[in-house]
S.K.: 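Take this structure first; my questions come after.
Just so you know, these numbers come straight off a predicted model, no measurement behind them. We name chains A, B, ... by the order of the sequence lines, and we start the count at 1 in each one.
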Number of protein chains: 2
Amino acid sequence: MTANPTTPVRFSPFSDEDSYAIMSNKLASSAKLCPHNNQISCNDCRLGSICLPLAMHEDDIIKLDEIVQRGRPLAKNAHIYRKNDPFTAVYAVRSGSVKTYRLTNDGQEQVTGFYFPGEIIGMDGIGTGHYANAAKTLETAAICEIPFDRLESLSTEIPNMQRHFFQLMSQEITSDQQLITLLSKNSAEERIAALLISISARMVRRKLSGTQFRLPMSRTDIGNYLGLTIETVSRVFSRFKKQNLVDVDGKEISLKDLEALKEIADM
Amino acid sequence: MTANPTTPVRFSPFSDEDSYAIMSNKLASSAKLCPHNNQISCNDCRLGSICLPLAMHEDDIIKLDEIVQRGRPLAKNAHIYRKNDPFTAVYAVRSGSVKTYRLTNDGQEQVTGFYFPGEIIGMDGIGTGHYANAAKTLETAAICEIPFDRLESLSTEIPNMQRHFFQLMSQEITSDQQLITLLSKNSAEERIAALLISISARMVRRKLSGTQFRLPMSRTDIGNYLGLTIETVSRVFSRFKKQNLVDVDGKEISLKDLEALKEIADM
DNA sequence: CAGCACTATTGATCCATATCAACGTAACTC
DNA sequence: GAGTTACGTTGATATGGATCAATAGTGCTG
């Protein structure tokens, strides 16, 4: 969620809308580089603990490093993959944020998720060999590409790696099911409170403020994700503001009463 | 979906509500038995092509046979696993049908899926080591248990097996996302048409009639799954009946205009 | 097979959110 | 920095499905 505080977000150098992202392997960071490819090692990436929650052996991480394509810096609104693109890789968000969405048969968009640094996207493509969703950056973002065929063979070598991917996919299933429940049972206020709480928790996991952040997605995207119209989203934000639960100024948001929001979200 | 036509469904021998299922390894079937354990081999199971869509080598199937616990015949409303039970296995539905459901924090049920013969349940437990859902039979059912630790080690031996499980999980993700879209964007009529079409397609896959079947779940379960009240479900069925799209008599249903239903479901 | 409990249907009313509309505000373009 | 376009807010009204209520089936139990 939110603008990565270390990177300016307003910067949007490419004509980006509806185009695939321009990539570059150069990173501005000064972190230690992996000897074999002069890139930041997964070992040194400060997101490692989110992206790779497993205790992995040093030499297993080196093997992983060998297959990860790092640091594609993408402009805002750049596609990482599109629906029906052949499935070749899963992707880790390194900085910035991403939305995934499905297209309905009549061409409407359904946002299926928002993804922040350390989170993995693209696993929906494994089943059919083609991505079922599209993924698009919500702001300037850097993405690590993990080619799936090599990941698969690595998984047979390193049982921990296989287990880790089973876990990631299973987490995706349970988070989708949480959204199903939210859409099926909860009011507009409950849905929005739940989204705010979820984003807040993910900020905390990244050692950022859980109460002050920038929402990288538009009201339209929020409404779309939560099955609400943009007007309803706007009204709920206004109501929360009036009740002193939050402070909203455009995309900047401050959660002023986390407990009350958790109460509303029923979490 | 529906009563498996080869098995009487009305039979409900156990006091079953809210209890774990009584199991037995005896099967009434006369199919060929696997030499090592006197059970029907996965190879001979007529559901094989659904449950195991991969071309597997003969000896790989034998390895799989060795770990699968077959044929637990369960009474109606028996739990296969409950939310928070330690995750030990995934399960294949062999006959009958199953619903999975989550419990919301305030104790309400949210049905997350209906499962028919050849379909796999329980994969949501991998991530945390505990099932995130509960699974309960909708009618008398037989279930194959596949212990996950042994499946995992088998997957490192047999790359096809690993891939197959990645695929199964990814299919679960995309079907959950389809439900998200349905709940977020579609009207009551569209949701119900979509469910009927989905069940119909799964009947056809099992070489049964796609237009005449028995809905094994209650109206309450349908409504819960689709985010609707039981009254709305009932009214939509009545409307469809009046428009001659379906014939409904309790749980028996006949789809009289599949094309029109597909049109409504937008599929 | 009578009785009871659960499940489904149908009708009347209500309400949360969609829809329609107008206006305000931010941000990108030249 | 004026003009344009997209994005966001707020108000008025409409509506699909929820809720409340009454009745009718269906099937398990003794």
Side-chain angles (χ1 to χ4, degrees), chain A residues 3 8-18 75-77 108-109 138-140 182-193 214-224 226-242 246-253 264, chain B residues 3 8-18 75-77 99 108-109 138-140 182-193 214-242 246-253 264:
Chain A
V9 189
R10 218 52 51 78
F11 166 73
S12 183
F14 316 124
S15 93
D16 47 22
E17 183 60 67
D18 212 19
K76 183 176 169 175
N77 286 325
Q108 291 177 80
E109 198 173 302
L138 291 167
E139 57 192 312
T140 305
L182 202 66
L183 292 172
S184 177
K185 294 243 181 311
N186 294 107
S187 68
E189 296 201 353
E190 289 162 347
R191 294 181 207 185
I192 288 178
R214 187 170 195 276
L215 297 167
M217 71 293 282
S218 68
R219 299 286 191 270
T220 305
D221 284 335
I222 293 176
N224 189 312
L226 295 176
L228 301 169
T229 59
I230 170 177
E231 292 96 327
T232 300
V233 173
S234 186
R235 278 186 249 270
V236 170
F237 275 135
S238 301
R239 238 176 288 156
F240 281 178
K241 207 169 171 177
K242 202 174 292 174
V246 303
D247 233 331
V248 198
D249 177 24
K251 299 196 164 178
E252 293 297 335
I253 192 159
I264 293 170
Chain B
V9 188
R10 217 53 49 80
F11 168 73
S12 181
F14 315 124
S15 94
D16 47 21
E17 183 59 68
D18 212 18
K76 184 175 170 176
N77 286 325
K99 74 170 173 184
Q108 290 177 81
E109 198 173 303
L138 291 167
E139 57 192 312
T140 306
L182 202 66
L183 292 173
S184 178
K185 295 241 182 310
N186 294 107
S187 68
E189 295 200 353
E190 289 163 347
R191 294 181 206 185
I192 289 178
R214 188 170 195 275
L215 296 167
M217 72 292 281
S218 68
R219 299 287 191 269
T220 304
D221 284 335
I222 293 176
N224 189 312
Y225 178 68
L226 295 176
L228 302 169
T229 57
I230 171 178
E231 292 96 326
T232 300
V233 174
S234 187
R235 277 187 250 272
V236 170
F237 275 135
S238 300
R239 238 176 288 156
F240 281 178
K241 207 169 169 178
K242 203 174 293 174
V246 303
D247 233 328
V248 199
D249 176 24
K251 300 197 163 177
E252 292 298 335
I253 192 159
I264 293 171

S.K.: Residues in side-chain hydrogen bond (donor to acceptor under 3.5 Å, both in side chains) with A:Ser238, at least two apart?
M.R.: none
S.K.: List the protein contact pattern of nucleotides 10-23 of chain D with one symbol per nucleotide (5' to 3'): B for base contact, S for sugar-phosphate-only contact, - for none; contact means a heavy-atom distance under 4.0 Å.
M.R.: BBB----SSBBB--
S.K.: Quick one: A:Arg214 CZ to C:dA26 P, roughly how many Å, whole number?
M.R.: 13 Å
S.K.: Does the pair A:Arg214 and A:Glu252 meet the rule for a salt bridge (charged side-chain N to carboxylate O under 4.0 Å, His left out), with working shown?
M.R.: CA-CA 4 Å; A:Arg214 187 170 195 276; A:Glu252 293 297 335; 3.6 Å; yes
S.K.: Atom CG of A:Leu226 and atom C1' of C:dT17: how far apart are they, to the nearest Å?
M.R.: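 For the pair A:Leu226 CG and C:dT17 C1', the rounded distance is 14 Å.
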S.K.: Enumerate the salt bridge (charged side-chain N to carboxylate O under 4.0 Å, His left out) contacts for residues 227-236 of chain B, please, sequence neighbours excluded, ordered by first and then second residue.
M.R.: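 Matches after skipping sequence neighbours: none remain.
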S.K.: Which residues pass the salt bridge (charged side-chain N to carboxylate O under 4.0 Å, His left out) test with B:Glu189, not counting sequence neighbours?
M.R.: B:Arg239
S.K.: Which salt bridge (charged side-chain N to carboxylate O under 4.0 Å, His left out) pairs, counting each pair once, include a residue from residues 219-229 of chain B, with sequence neighbours left out?
M.R.: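 Applying salt bridge (charged side-chain N to carboxylate O under 4.0 Å, His left out) to every pair that reaches into residues 219-229 of chain B, excluding sequence neighbours, yields B:Lys99-B:Asp221.
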S.K.: Tell me, do A:Phe237 and A:Leu215 make a side-chain contact under 4.5 Å, heavy atoms counted?
M.R.: yes
S.K.: Between D:dC28 atom P and B:Glu139 atom CD, what is the distance in whole Å?
M.R.: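 Atom CD in B:Glu139 sits about 13 Å away from atom P in D:dC28.
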S.K.: Rounded to whole angstrom units, what separation is found between the NZ atom of A:Lys251 and the C1' atom of D:dT9?
M.R.: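 My rounded result for the distance is 15 Å.
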S.K.: Could you state the atom-to-atom distance from CZ of B:Phe237 to C1' of C:dT9 in whole Å?
M.R.: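 Checked: the CZ to C1' distance equals 13 Å.
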S.K.: Closest heavy-atom contact between A:Arg191 and A:Gly227?
M.R.: NH1-O, 3.4 Å
S.K.: For A:Leu215 and D:dC7, give me the distance from atom CG to atom P, rounded to whole Å.
M.R.: 16 Å
S.K.: Using modelled atom types only, decide if a donor and an acceptor are shared between the side chain of A:Lys185 and the backbone of B:Glu109 within a distance under 3.5 Å.
M.R.: yes
S.K.: Taking C-beta and beyond as the side chain, do A:Leu226 and A:Thr232 meet within less than 4.5 Å on heavy atoms?
M.R.: no
S.K.: Describe the nucleic acid contact of B:Lys241 in one word from base, sugar-phosphate, nothing, applying a heavy-atom distance below 4.0 Å.
M.R.: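 No contact.
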S.K.: Rounded to the nearest angstrom, tell me the gap between atom NZ in B:Lys185 and atom P in C:dT19.
M.R.: 11 Å
S.K.: I need the NZ-P distance between B:Lys76 and D:dT26, as an integer number of Å.
M.R.: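 The distance from NZ of B:Lys76 to P of D:dT26 comes to 14 Å, rounded to the nearest Å.
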S.K.: Find the bend of the helix from C:dC1-D:dG30 to C:dC30-D:dG1 as the angle between its two terminal axes (five pairs each), to the nearest 10°.
M.R.: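 Computed angle between terminal axes is 60°.
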